[in-house]
S.K.: 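Following this message is one structure expressed as structure tokens.
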Amino acid sequence: MTVRVAVAGASGYAGGELLRLLASHPGVEIGAVTAHTSAGRPLGSVQPHLPELADRVLLDTSAAALRGHDVVFLALPHGQSAALAAELEPGTLVVDCGADFRLRDPAAWERFYGSPHAGTWPYGLPELPGAREELKGATRIAVPGCYPTAVTLALFPAYTARLVEPEAVVVAASGTSGAGRSLKPHLLGAEVMNSMSPYGVGGGHRHTPELVQNLSRAAGERVTVSFTPTLAPMPRGILATCSARLGPDVPATEAEDAVRAAYESAYADEPFVRLLPPGRWPATAAVLGSNTAQVQLAVDPDARRLICVSAIDNLTKGTAGGAVQSMNIALGLPERLGLPTNGVAP
Ligand SMILES: NC(=O)C1=CN([C@@H]2O[C@H](COP(=O)(O)OP(=O)(O)OC[C@H]3O[C@@H](n4cnc5c(N)ncnc54)[C@H](OP(=O)(O)O)[C@@H]3O)[C@@H](O)[C@H]2O)C=CC1
Ligand SMILES: CC(=O)N[C@@H](CCC(=O)OP(=O)(O)O)C(=O)O
């Protein structure tokens, strides 16, 4: 079976990573590639890392350009997906890398995104309990945000195993590609190359409600999350350092074994999550260009806190790889098809 796919937003970072993966996917043929201000240009002039597709011309993003494909990936700014998706055939698999359909709670959407809620689609984080069942046969998929992918994979097994209290503190560093490709002064090389700084401090980041949604789903009760993102001087990667208080019935001296057993069980058959051997810690360089998430944990017995750290490539497992993994599941293809587990560095 060969599926014909289109990529909207092909001139952006997420679109460029989608095309890198799709170009090597044995079950896929690449159809329309579309853009906004770059429409009319050859793809090679904006995505020089894709020589096989260099002569493709970017079309203007429209439903007309995207119709007639089996799968349409949307890699557009927030708020641009809903109207476009509504104009595509109901049987087409639409995979949205933006935020429009991730949240279940309309009030949370309106508070953090400041616009009417478009709806909720099956959530493309296959590792989350119950997610694969929702993704099988789906025709609409909402790809998670990059921070929520990293943080949810770091923490959810501790919640499903009821080993921690329903609160989490997260500090995560992201490479600058997480902010997209459009020109922004705070992303100039001179601003970021020898500096790290937090943003969205104090609960203001729009990924907070997505983190609450995911961890609450795992815990079966509402989990509060204090989330502080940080911009790091690297192009790609997220390192998420997450902690949660041990449950009152969990003896600190036995907690690490119990938590490790829960994570080993959760991730035993997961092709794209690697729980590292004790003593080794995740690194963004080790997952560069791969769809793998590295995870490690420790218990601080004095603070009675579990600390879990994850590393992903924000553009691969954090966006395009997660999107292709979800497409594979939705279409009944082998889940690993076209997805690298090995990184490229150093
Ligand atoms: N970067 C990341 O790590 C992650 C990104 N995402 C999500 O993926 C989506 C794309 O992000 P990213 O690739 O980083 O962003 P970029 O800014 O790099 O790319 C945006 C793309 O959308 C196009 N575009 C811009 N404005 C419009 C518009 N008004 N109508 C239609 N198309 C438009 C651009 O076209 P042109 O350049 O031709 O103007 C470009 O192709 C976003 O929703 C983002 O939140 C999700 C997870 C992680
Ligand atoms: C470094 C940086 O700016 N990162 C982006 C997150 C990008 C991402 O995952 O997500 P969305 O799909 O929700 O935009 C931010 O903090 O807004």
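Since we're looking at a predicted model, the values are computed, not measured. Counting convention: from 1, in listed order, for ligands and their atoms alike.
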S.K.: At what distance is the nearest protein heavy atom to atom 42 (C) of ligand 1, and which residue and atom is it?
M.R.: Leu76 O, 3.1 Å

S.K.: Do the charged groups of Glu134 and Arg217 touch, with an N to O distance under 4.0 Å?
M.R.: yes

S.K.: Heavy-atom contacts with Gly178 under 4.0 Å: which atoms of ligand 1 show up? List them by number with element.
M.R.: 1 (N), 2 (C), 3 (O)

S.K.: Counting only nitrogen or oxygen atoms and a 3.5 angstrom limit, does Tyr147 reach ligand 2?
M.R.: no

S.K.: Considering the heavy atoms of Gly145, write down every atom of ligand 2 situated less than 4.0 Å from one of them.
M.R.: 9 (O)

S.K.: Considering non-hydrogen atoms of the protein only, which is the closest contact for atom 17 (O) of ligand 2, and what is the distance?
M.R.: Arg206 NH2, 2.6 Å

S.K.: Measure the shortest side-chain to side-chain distance between Leu231 and Leu187 over non-hydrogen atoms and say whether it is less than 4.5 angstrom.
M.R.: yes

S.K.: Is it the case that the side chain of Arg274 and the backbone of Tyr267 share a donor-acceptor pair, with hydrogens and angles ignored and the cut-off at 3.5 Å?
M.R.: no

S.K.: Nearest protein heavy-atom contact for atom 19 (O) of ligand 1: which residue, which atom, what distance?
M.R.: Gly12 CA, 3.2 Å

S.K.: For atom 37 (O) of ligand 1, what is the nearest protein heavy atom, given as residue, atom name and distance?
M.R.: Ser11 OG, 3.0 Å

S.K.: Measure the distance from atom 6 (C) of ligand 2 to every protein heavy atom, then report the residue, atom name and distance (to 0.1 Å) of the closest one.
M.R.: Gly178 O, 3.6 Å

S.K.: At less than 4.0 angstrom from any non-hydrogen atom of Gly98, what atoms of ligand 1 do you find?
M.R.: 43 (O)

S.K.: Establish, from distance only, whether the side-chain atoms of Ser310 and Gln294 form a donor-acceptor pair under 3.5 Å.
M.R.: no

S.K.: Using only heavy-atom distances, determine whether the side chains of Arg305 and Ser243 contain a donor-acceptor pair under 3.5 Å.
M.R.: yes

S.K.: What is the nearest protein non-hydrogen atom to atom 16 (P) of ligand 1, stated with its residue, atom name and distance?
M.R.: Arg181 N, 3.5 Å

S.K.: For Tyr199, counting its heavy atoms only, list the atoms of ligand 2 lying under 4.0 Å from any of them.
M.R.: 1 (C), 2 (C), 3 (O), 4 (N), 15 (C), 16 (O)

S.K.: Begin with the C-alpha distance, continue with both residues' side-chain angles, and end with the deciding distance and a verdict on side-chain contact (heavy atoms from CB on, under 4.5 Å) for Thr176 and Met234.
M.R.: CA-CA 6 Å; Thr176 55; Met234 57 188 183; over 6 Å; no

S.K.: Counting non-hydrogen protein atoms only, what is the nearest one to atom 12 (P) of ligand 1? Give residue, atom name and distance.
M.R.: Ala14 N, 3.9 Å

S.K.: Between Ser174 and ligand 2, which part of the residue brings a heavy atom under 4.0 Å of the ligand: side chain, backbone, both or neither?
M.R.: side chain

S.K.: Inspect the contact between Glu270 and Arg132 and indicate whether a charged nitrogen and a carboxylate oxygen are less than 4.0 angstrom apart.
M.R.: yes

S.K.: Using only atom types and a distance under 3.5 Å, with no angle test, would you say the side chain of Arg41 pairs donor to acceptor with the backbone of Thr37?
M.R.: no

S.K.: Going by the atom numbers of ligand 1, which of them fall below 4.0 Å from some non-hydrogen atom of Cys146?
M.R.: 47 (C), 48 (C)

S.K.: Thinking salt bridges, do Asp313 and Arg236 make one under a 4.0 Å N-O criterion?
M.R.: yes

S.K.: Between ligand 2 and Thr176, is the shortest N or O to N or O distance under 3.5 Å?
M.R.: no

S.K.: Could you name the option among Ala8, Pro77, Ser81, Cys97 that has the heavy atom nearest to atom 8 (O) of ligand 1?
M.R.: Cys97

S.K.: May I ask whether Pro148 has any heavy atom positioned less than 4.0 angstrom from an atom of ligand 2?
M.R.: no

S.K.: Is any side-chain heavy atom of Phe227 less than 4.5 Å from a side-chain heavy atom of Val170?
M.R.: yes

S.K.: Nearest non-hydrogen contact with atom 16 (O) of ligand 2 belongs to which option: His78, His205, Lys184?
M.R.: His205

S.K.: Under 3.5 Å, is there a donor on one side chain and an acceptor on the other for Gln47 and Glu17?
M.R.: no

S.K.: Taking CZ in Arg336 as the centre, count heavy atoms belonging to other residues, nucleotides or ligands within less than 6.0 Å. Is the count above 12?
M.R.: no

S.K.: Compare Arg206, His36, His78 and give the one whose heavy atom is closest to atom 44 (C) of ligand 1.
M.R.: His78

S.K.: Please identify which atoms of ligand 1 are closer than 4.0 Å to at least one heavy atom of Leu315.
M.R.: 1 (N), 2 (C), 3 (O)

S.K.: Any salt bridge linking Glu221 with Arg162? Criterion: basic side-chain nitrogen under 4.0 Å from a carboxylate oxygen.
M.R.: no

S.K.: Does a side-chain N-to-carboxylate-O contact under 4.0 Å join Lys184 and Glu191?
M.R.: no

S.K.: Assess the side chains of His25 and Asn328: does a donor N or O sit below 3.5 Å from an acceptor N or O?
M.R.: yes

S.K.: Which option out of Thr176, Thr319, Asp100 puts a heavy atom nearest to atom 47 (C) of ligand 1?
M.R.: Thr319

S.K.: Within the 4.0 Å heavy-atom shell around Ser182, which atoms of ligand 1 are there?
M.R.: 17 (O)

S.K.: Quick check: Ala99 and ligand 2, any N/O pair under 3.5 Å apart?
M.R.: no

S.K.: Quick check on the 6.0 Å ring-centre criterion: do Phe112 and His207 meet it?
M.R.: no

S.K.: Using a 4.0 Å cut-off to any heavy atom of Ala35, which atoms of ligand 1 qualify?
M.R.: 38 (O)

S.K.: Which residue holds the protein heavy atom closest to atom 39 (O) of ligand 1, what is that atom called, and what is the gap in Å?
M.R.: Thr37 OG1, 2.6 Å

S.K.: Identify, by atom number and element, the atoms of ligand 2 in contact range of Gly175, meaning under 4.0 Å from any of its heavy atoms.
M.R.: 1 (C)

S.K.: Considering the heavy atoms of Gly318, write down every atom of ligand 1 situated less than 4.0 Å from one of them.
M.R.: 47 (C), 48 (C)

S.K.: Which of the numbered atoms in ligand 2 are under 4.0 angstrom from any heavy atom belonging to Leu231?
M.R.: 1 (C)

S.K.: When you look at CE of Met196, are more than 12 heavy atoms from neighbouring residues, nucleotides or ligands closer to it than 6.0 Å?
M.R.: yes

S.K.: Regarding ligand 1, does Ala39 bring an N or O atom to under 3.5 Å of one of the ligand's N or O atoms?
M.R.: no

S.K.: Please indicate whether any nitrogen or oxygen in Gly15 is less than 3.5 Å from any nitrogen or oxygen in ligand 1.
M.R.: no

S.K.: We want to know whether Asp60 and Thr34 form a side-chain donor-acceptor pair, criterion being a heavy-atom distance below 3.5 angstrom.
M.R.: no

S.K.: Taking only heavy atoms of Ala179, which atoms of ligand 2 are found under 4.0 Å from at least one of them?
M.R.: 1 (C), 2 (C), 3 (O), 4 (N)

S.K.: In the protein, which heavy atom is nearest to atom 1 (N) of ligand 1, and how far is it?
M.R.: Ser177 O, 3.0 Å

S.K.: With heavy atoms of Arg102 as the reference, note each atom of ligand 2 found under 4.0 Å away.
M.R.: 11 (P), 12 (O), 13 (O)

S.K.: What is the closest protein heavy atom to atom 14 (O) of ligand 1, and at what distance does it sit?
M.R.: Gly180 CA, 3.2 Å

S.K.: Taking distance alone, with no angle check, do Tyr13 and ligand 1 share an N/O pair under 3.5 Å?
M.R.: yes

S.K.: Which bit of Gln80 gets closer than 4.0 Å to ligand 1, counting heavy atoms only: side chain, backbone, both or neither?
M.R.: side chain

S.K.: Any chance the side chains of Gln325 and Asn291 put a donor and an acceptor closer than 3.5 Å?
M.R.: yes

S.K.: Measure the distance from atom 9 (O) of ligand 2 to every protein heavy atom, then report the residue, atom name and distance (to 0.1 Å) of the closest one.
M.R.: Cys146 SG, 2.4 Å

S.K.: For a quick check under 3.5 Å, do Ser81 and Asp96 share a side-chain donor-acceptor pair by atom type?
M.R.: yes

S.K.: If you measure only the distance, is there a donor-acceptor pair under 3.5 Å linking the side chains of Tyr123 and Asn214?
M.R.: yes

S.K.: Side chain or backbone of His186 under 4.0 Å from ligand 2, or both, or neither, by non-hydrogen atoms?
M.R.: neither

